[in-house]
Amino acid sequence: MIYEFSCNFDTPFKLIIVGDGPKLQDLKELVKELNITNLVEFKGSVPASQVKYFLDIADIFLSFYEGSNLGNPLLEAIRMNKLIVTLNNGTTGDYIKHQYNSLIYDENDLNYKLIVNDLIHLISNIKIIEKLKFNLKKTESEKLLTWKQRFEKELIEVNKIIKT
């Protein structure tokens with residue numbers, strides 16, 4: 001199957017991939033196959049102190065962990081109103097709904113070419129971006145605890161464990 005991509009938008013973009021893992025080489029090969037090497041930069045593993053920098057400059061946050069993607073980085077991306085592209089595993093689907101507030105894909109039927117198509121469609125349609133970001137803000141207000149609320153809730157749970 002041949003995939004053709006056309007990027008018809010004025011603002012240039014770059015996908016910066018931070019981290020590594022078993023799929024890194026496959027992603028590098030896909031980037032070459034799609035002839036988008038000028039749009040993708042692989043940073044590899046970076047110190048934890050630099051991760052926030054990359055989240056700050058990002059417009060879209062991609063997270064493809066096996067097991068679960070619902071962790072502090074994804075929660076921070078929601079708080080920062082970054083569009084999210086992730087896998088539906090663990091309880092991630094409780095927060096991210098496909099084409100409602102971001103993009104989420106079945107981890108058992110992962111198709112990177114489909115994801116690339118969806119991303120290109122997304123970044124070339126400002127109205128879709130605005131809708132997703134509006135709904136992501138709703139998700140934040142409806143589902144996320146503040147850091148203080150979260151700390152207090154966890155403290156209660158820790159105290160229960162200590163007392164038993």
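Note that the structure is a prediction, hence the values are computed from the model and not measured.
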Decide yes or no for Asp56 and Tyr53: does some side-chain heavy atom of the first lie under 4.5 Å from some side-chain heavy atom of the second? no
Min side-chain heavy-atom separation Leu74-Thr86 under 4.5 Å: yes
Considering residues at least two apart in sequence or located in another chain, which fulfil the salt bridge (charged side-chain N to carboxylate O under 4.0 Å, His left out) criterion with Lys127? none
Find out if a path of hydrophobic residues (ILVMFWY) with successive side-chain heavy-atom gaps under 4.5 Å connects Leu114 to Ile84. no
Path from Leu30 to Leu24 over hydrophobic side-chain contacts below 4.5 Å: yes
Could you grab the distance from atom CD of Glu130 to atom CG of Asn125, nearest 0.5 Å is fine? 11.0 Å
Can any side-chain N or O of Thr92 pair as donor or acceptor with the backbone N or O of Asn88 at less than 3.5 Å? no
Test of understanding: clusters of I, L, V, M, F, W, Y form through side-chain heavy atoms closer than 4.5 Å, transitively. Do Leu136 and Phe134 belong to the same one? no
Output all residues satisfying salt bridge (charged side-chain N to carboxylate O under 4.0 Å, His left out) with Lys43, sequence neighbours left out; order by chain, then residue number. Glu41
May I ask you to decide if Thr146's main-chain N or O and Gln149's side chain share a donor-acceptor pair within less than 3.5 Å? yes
Please examine the side chains of Val51 and Pro73, heavy atoms only from C-beta on, and report whether any two atoms are closer than 4.5 Å. no
Point-to-point distance, once rounded to the nearest 0.5 Å, from CG of Leu39 to CG of Leu119: 11.5 Å
Checking the side chain of Lys133 only, and the main-chain atoms of Leu83 only, is there a donor and an acceptor separated by less than 3.5 Å? no
Identify whether Leu110 and Val85 are in the same connected component of the hydrophobic contact network (ILVMFWY, side-chain heavy atoms under 4.5 Å). yes
Could you walk me through whether Leu144 and Leu75 pass the side-chain contact (heavy atoms from CB on, under 4.5 Å) check? CA-CA 8 Å; Leu144 295 190; Leu75 296 174; 3.4 Å; yes
Side-chain contact test, heavy atoms from C-beta onward, threshold under 4.5 Å: evaluate it for Ile78 versus Ile96 and give yes or no. yes
Side-chain contact test, heavy atoms from C-beta onward, threshold under 4.5 Å: evaluate it for Leu87 versus Ile104 and give yes or no. no
Any donor-acceptor pair under 3.5 Å linking the side chain of Asn101 with the backbone of Lys138? no
Side-chain donor-acceptor pairs of residues 61-70 under 3.5 Å, sequence neighbours excluded:
residue : atom : partner : partner atom : Å
Ser63   : OG   : Asn69   : OD1          : 2.7
Ser68   : OG   : Leu70   : N            : 3.2
Asn69   : OD1  : Phe64   : N            : 3.4
Asn69   : OD1  : Tyr65   : N            : 2.7
Asn69   : ND2  : Tyr65   : O            : 3.0
Asn69   : ND2  : Asn89   : OD1          : 3.0

Check step by step if side-chain contact (heavy atoms from CB on, under 4.5 Å) holds for Ile17 and Val40. CA-CA 7 Å; Ile17 298 177; Val40 180; 3.9 Å; yes
For the pair Lys137 and Glu140, find out whether any cationic side-chain nitrogen is under 4.0 Å from an anionic carboxylate oxygen. yes
Distance from Thr139 atom OG1 to Arg79 atom CZ, nearest 0.5 Å? 12.5 Å
In Å and rounded to the nearest 0.5 Å, what is the CG to CD1 distance from Asp59 to Ile129? 8.0 Å
Below 4.5 Å, heavy atoms only, C-beta onward: do Asn135 and Leu132 meet side chain to side chain? no
When you compare the side chain of Leu55 with that of Lys82, does any pair of heavy atoms fall below 4.5 Å? yes
Is it true that, when you exclude Asn35 itself, more than 12 heavy atoms of the residues, nucleotides or ligands shown sit nearer than 6.0 Å to its CG? no
Is a donor from one side chain sitting under 3.5 angstrom from an acceptor on the other, for Asn111 and Tyr105? no
Measure the shortest side-chain to side-chain distance between Asp118 and His98 over non-hydrogen atoms and say whether it is less than 4.5 angstrom. yes
Indicate yes or no for a side-chain donor-acceptor contact from Lys28 to the backbone of Lys23 under 3.5 Å, with no hydrogens or angles considered. no
Just how far is it from atom CD1 of Ile156 to atom CD1 of Ile161, taken to the nearest 0.5 Å? 12.5 Å
Check against salt bridge (Lys or Arg N to Asp or Glu O under 4.0 Å), Lys160 and Glu157: CA-CA 5 Å; Lys160 286 180 187 176; Glu157 294 303 315; 3.3 Å; yes
With clusters defined by side-chain heavy atoms of hydrophobic residues (ILVMFWY) lying less than 4.5 Å apart, directly or transitively, does Leu27 cluster with Phe54? no
side-chain contact (heavy atoms from CB on, under 4.5 Å) between Asp26 and Tyr112, worked out: CA-CA 10 Å; Asp26 293 342; Tyr112 288 113; 5.7 Å; no
Separation of Leu145 CG from Phe151 CZ (nearest 0.5 Å): 13.5 Å
Heavy-atom closest pair, residues Leu122 and Ile128: CD1-CG2, 3.6 Å
